[in-house]
Amino acid sequence: MTPAHDQAALDARCEDAVARLAPLLGRVSVGLVLGTGLGAVADAVEDKVVVPYADIPGFPENSVSGHAGRIVAGTLAGRRVAVMQGRAHYYETADSAAMRVPLETLRRLGAGTLVLTNAAGSLRPDLAPGRLCLLTDHLNLSGTNPLLGDRGDGRFVSMTDAYDPGLRRAFHAAARASGVDLDEGVYCWVSGPSFETPAEIRMLRILGGDVVGMSTVPEVILARRLGLRVAAVSTVTNFGAGIENASPSHHETKDVAAKAGAALSRLLIAFLGGLDDA
Ligand code: HPA
């Protein structure tokens with residue numbers, strides 16, 4: 001049993017986090033996790049309560065610029081939401097289960113639905129920077145899994161329809177209603193933090209990927225383990241290395257994500273407004 005799956009320790013940390021957050025946040029119906037540079041969504045939350053991760057037991061320390069490291073809770077499109085502005089990445093912690101306590105805490109606060117966002121590189125010439133891509137599935141190429149060391153039959157989580165088909169339909173309806181262009185595709189999870197080589201980008205494309213990034217997949221696996229319904233949207237911030245001579249950088253990622261933030265906010269607000277059973 002790895003420390004990340006010591007159930008008694010996990011329960012204790014979740015209980016501490018819930019004890020800290022429940023009186024401030026009340027009940028939550030949807031959890032959102034915002035990727036690099038995508039803070040605009042948090043700005044749109046009404047009647048905000050803001051809690052820095054540093055004040056919540058078991059929540060990640062933030063080491064990535066472009067990630068605020070706080071929960072912004074309140075109302076968005078009439079739904080009670082808890083927005084995680086910043087996440088723990090595998091490349092920061094060497095622990096792919098680092099988001100287990102935050103996600104379980106959201107679930108214990110009442111969230112049944114989790115919407116994950118990220119910044120990603122495109123593997124397709126027709127999927128240009130600035131576009132939004134709804135994830136339909138993923139390729140886990142990290143060599144690890146956040147449930148390693150977990151116990152019991154619940155660890156054998158089905159990953160068929162992990163990206164909930166009903167939520168995907170709701171996202172496409174929201175895209176039409178809000179006039180936002182929404183592509184869809186398969187996300188490749190790589191550990192990072194170095195970007196891919198051009199040869200790796202060619203390989204990922206051959207394997208069936210559409211976008212590539214360093215997050216989200218462990219959260220999807222953990223969330224499915226917890227029984228949450230999951231949807232995920234990538235903001236394409238750059239072409240993968242070698243496509244159109246691209247040589248990605250973190251600076252470019254933050255910059256393009258911030259510019260696409262307004263469209264993502266519109267999409268998420270339309271999505272939340274259209275949900276009838278979150
Ligand atoms: N590769 C991996 N992760 C990323 C990229 C990329 O090109 N862009 C944003 N996150």
Side-chain angles (χ1 to χ4, degrees), residues 32-41 60 62-69 84-96 98-99 115-144 146 163 182-221 232-264 267:
L32 288 101
V33 179
L34 299 186
T36 304
L38 298 172
V41 178
N62 179 41
S63 78
V64 189
S65 62
H67 285 261
M84 285 191 66
Q85 218 178 341
R87 52 160 53 95
H89 301 83
Y90 178 49
Y91 64 73
E92 293 172 86
T93 57
D95 172 13
S96 63
M99 287 290 282
V115 179
L116 303 165
T117 68
N118 60 51
S122 169
L123 302 171
R124 297 195 337 232
D126 67 307
L127 188 54
R131 296 202 51 130
L132 300 178
C133 182
L134 181 71
L135 304 190
T136 56
D137 206 341
H138 70 230
L139 294 169
N140 176 1
L141 298 159
S142 68
T144 190
Y163 299 82
L182 183 63
D183 226 296
E184 61 173 31
V186 173
Y187 179 93
C188 301
W189 177 35
V190 293
S191 72
S194 57
F195 284 103
E196 302 69 43
T197 64
E200 287 166 342
I201 291 294
R202 289 195 298 277
M203 174 189 76
L204 298 179
R205 185 66 199 132
I206 291 166
L207 291 179
D210 297 284
V211 287
V212 56
M214 306 176 192
S215 68
T216 304
V217 167
E219 295 153 24
V220 173
I221 296 170
V233 182
S234 288
T235 299
V236 175
T237 54
N238 57 278
F239 283 120
I243 299 180
E244 312 271 353
N245 291 320
S247 174
S249 71
H250 187 56
H251 176 74
E252 178 187 31
T253 297
K254 284 190 294 187
D255 206 41
V256 178
K259 286 184 186 132
L264 182 68
L267 178 67

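This one's a predicted model, so the numbers in the text were calculated from it and none came from an experiment. Ligands are counted one by one from 1 in listed order, and the atoms in each one are counted from 1 as well.
- Remark: side-chain polar atoms of Thr136 are not paired, donor with acceptor, to backbone N or O of Glu184 under 3.5 angstrom.
- Under a 3.5 Å cut-off, the side chain of Tyr187 and the backbone N or O of Ser215 do form a donor-acceptor pair.
- For the side chain to side chain contact (heavy atoms under 4.5 Å, CB included) test with Val41, the passing option among Thr117, Leu264, Val115 is Leu264; the others fail.
- The proximity of Ala120 to ligand 1, defined as any non-hydrogen pair under 4.0 Å, is limited to the backbone.
- When only interatomic distances are considered, the shortest N/O to N/O separation between Gly121 and ligand 1 falls below 3.5 Å.
- At a 4.0 Å heavy-atom cut-off, ligand 1 touches Val212 through backbone and side chain alike.
- In this structure a side-chain-to-backbone donor-acceptor pair under 3.5 Å is missing from Asp137 to Leu139.
- Atoms of ligand 1 found under 4.0 Å from any heavy atom of Glu196, numbered from 1 in the order shown, are 1 (N), 2 (C), 6 (C), 7 (O).
- Looking at atom 3 (N) of ligand 1, its nearest protein heavy atom turns out to be Gly213 CA, 3.4 Å.
- If you look at Asn238 next to ligand 1, the close heavy atoms, those under 4.0 Å, all belong to the side chain.
- Formation of a donor-acceptor pair under 3.5 Å by the Ser234 side chain with backbone atoms of Ala119 is not found in this model.
- Smallest separation of non-hydrogen atoms from Ala260 and Thr235: CB-CG2, 3.4 Å.
- On a distance-only criterion, Ala119 and ligand 1 share at least one N/O pair closer than 3.5 Å.
- Near Thr237, meaning under 4.0 Å from one of its heavy atoms, ligand 1 places the atoms 8 (N), 9 (C).
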